[in-house]
Amino acid sequence: MANTDKQVNELIKREYEHGFVTEIEAETFEPGLNEDIIGRLSAIKKEPQFMLDWRLKAYRRWLEMDEPNWAHVGYPKIDYNAISYYSAPKRKEDMPQSLDDVDPELLKTYEKLGIPLHEREKLAGVAVDAVFDSVSVATTFKEPLAKAGVIFCSISEAIQDYPELVQKYLGSVVPAGDNFFAGLNSAVFSDGTFVYVPKGVRCPMELSTYFRINAANTGQFERTLIIADEGSYVSYLEGCTAPMRDENQLHAAVVELVALDDAQIKYSTVQNWYPGDENGKGGIFNFVTKRGACIGKNSKISWTQVETGSAVTWKYPSCVLRGENSVGEFYSVALTNNYQQADTGTKMIHLGKNTSSTIISKGISAGRSSNAYRGLVKFGPGAEGARNFTQCDSLLIGDQCAAHTFPYIESKNKGAIVEHEATTSKVSDEQMFLCRQRGIDPEQAVSMIVNGFCKEVFKELPMEFAVEAGKLLEVSLEGSVG
Amino acid sequence: MLSIRNLHAAVDGKEILKGIDLEIKPGEVHAIMGPNGSGKSTLSAVLAGNEAYEVTEGDILLDGENLLEKETEERARDGIFLAFQYPVEIPGVSNLQFLRTAVNAMRVHRGLDELSAVDFMKLAKETTKQVDLDPAFLKRGVNEGFSGGEKKRNEILQALLLEPRLAILDETDSGLDIDALKVVADGVNALRSPERAILMVTHYQRLLNHIVPDFVHVLAGGRIVKSGGRELALELEERGYGWLGIKDSDEVEAG
Ligand SMILES: Nc1ncnc2c1ncn2[C@@H]1O[C@H](COP(=O)(O)OP(=O)(O)OP(=O)(O)O)[C@@H](O)[C@H]1O
Ligand SMILES: [Mg+2]
């Protein structure tokens, strides 16, 4: 045992490589949360009245809500008045008209993160919306997307340019009163991404948003809304990083997906927020609500997530399967190391006839971390012929970590079929010895074994990001071998 | 090439090897026989650097260099190969990926370029045929669901691909049917060369009909109690271990 632990420990110890801070002049609200702050936020974004009203209503609800405590995580009490709810890099004009107007420091930041925004070096075939603290700083490939009729912009722009769509769908999947963090987000969300794919359009490229938290003592509250109209298809990816800071920072996002008849949305996440140091100091609290509604018949929503960062993760990307024959999928790799805690999983709510869902969850725990899968599969009375398949596998590295599985099933329909499989395994000394005996470095051995364990999920990621995800696991596992 | 001198090793505080001396020269084939529990696998594991075993006394030199100071992977890259008595499974990691990672680790160590996926595939396919395995086994997880005999052939496949200087084969012949025994023996004979040495642990002299050893040693109670030529194996087959003053493994434990 001791051998593997030593190797695992060394592997986990590698430094977080996105931990730098960008020195940039920013306009930042003083800490505090009240109706005045929300009013200023809405004003600075030149929002129409309906938006301000919506925010204030959400805020008043939120004041009456309690922070949830049922998740298998522990963290110090958050003082919501000690957080700044808006921080944006200062710029001369109101909105950058083109990349030339974007502060070079910002472009450099994204380059350092491997996300070039320049026209010449843009990621081939991937359109990027770059969100820095509270605002979107750039969106690439706008024209070719516009030609296809696809709207891909920051949610702030969408609120001004497409108010009817926003008003119709914002909060339709995750209402402001859904949960504590969704309520907070609804009141103070500052930016995020908006996507609309019109009828019958297959989005010509991958869309992606790259979230970066930079400023200290701020929270990031982004809001993403994706609407796939009848018969359309879109694949979307989000990536996230933050500087290394000793204080915890809050990230409370809401993502809403809407799929109409015969539409498909594929949503992938590679989450690498700063996880805190090896003693558990600092790191991001990642409390997000992600939900997709398959409202049309034959529609499909597929969540794929690779979660390696954050000090505490609380996240359950879910699907409401309302349309007949609609399909929900959840593929997840969650890796925790050192003192990280993750409570993640999904909810599959079967309402329509012949709806089906698949859940594949791979939890990897190393160091002293704790990793929990929490899943709910629910069948409503109308879910005739509905079925679910769930597979939950846990892999332990070392013997100081923990894995938990909390699967819940609620059925109001006798005809529904559920299959559930669960396994727990360990990276064994024998496996490590075999690899090393064949000349393979211990670090490479662990990452190979972990990658093998995650294979079913990685194959769901878009090509470019599958490689990325594999590398990310390698980095996150650094110091985990002993 | 390999000198083992007064080697003592313990596991969980219990002494298993109690003073082993053995010299192996390039080109030689040594067979180690002996009752169950006498320490044959322990010796193999200690040579390969398994950290579960603690060397309490003695030396192991490879080409004059102190092997005991080296990590498992360094020993492997220096050319020590161990075919396991009980090969473990690594689910989800394809045999192909595993083998390619290993072969490239060795190549980098030897100052050669890494093999591309295409070149390696070609080499691997040819070698699987040599050990009578279907190339489909390359796509499967490492040893995942392999039968006993398939696992053993997979070990020989790895030996052939990694081109070791000293191949230690721990009961690679056990659990094989007659045809598979022939395949494995052919594989081992293909490994034989003037620069390479082979140390094979076996219970049966039938393997030695196919792979003729230069030396046969009897390991009992953690010591080599008798060494001889290949005729010693025949004698053991006929007479058992009793005449050497060893009755069963219990007595070995006590001694
Ligand atoms: N991890 C361990 N803990 C306790 N005892 C062990 C351990 N590993 C080996 N031993 C003991 O060491 C002794 C030698 O074991 P070893 O596997 O080397 O025998 P062997 O000669 O290979 O036997 P066989 O012919 O059955 O393969 C046995 O008594 C065994 O039980
Ligand atoms: Mg043995």
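So that the names make sense, note that chain A is the first sequence line, chain B the second, and so on, each numbered from 1.
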Residue among Val88(B), Thr72(B), Leu99(B) with most heavy-atom pairs under 4.5 Å to chain A: Thr72(B)

With a 4.5 angstrom heavy-atom cut-off, is it the side chain or the backbone of Leu162(B) that approaches chain A, or both, or neither? side chain

Counting heavy-atom pairs under 4.5 Å with chain A, which one of Gly49(B), Ala76(B), Pro87(B), Ala45(B) comes out on top? Ala76(B)

Are Lys139(B) and Glu144(B) within salt-bridge range, i.e. N to O under 4.0 Å? no

Does this structure show an ion pair linking Asp441(A) with Arg77(B), if we count only N-O contacts that are shorter than 4.0 Å? yes

Using residues 120-132 of chain B as the side-chain source, report each donor-acceptor pair under 3.5 Å to any protein atom, sequence neighbours left out, with the distance given to one decimal.
from, atom 1, to, atom 2, distance (Å)
Thr127(B), OG1, Leu123(B), O, 2.7
Thr128(B), OG1, Ala124(B), O, 3.2
Thr128(B), OG1, Lys125(B), O, 2.6

Portion of Glu74(B) that has a non-hydrogen atom of chain A nearer than 4.5 angstrom: neither

Please determine whether a side-chain nitrogen of the Lys or Arg among Glu329(A) and Lys266(A) lies less than 4.0 Å from a carboxylate oxygen of the Asp or Glu. no

Between Val103(B) and chain A, which part of the residue has a heavy atom less than 4.5 Å away: side chain, backbone, both or neither? neither

Verify the distance criterion only: is there a donor paired with an acceptor across the side chains of Gln305(A) and Thr344(A) at less than 3.5 Å? yes

Check each atom of Tyr86(B) against the heavy atoms of chain A and say whether the ones under 4.5 Å are side chain, backbone, both or neither. neither

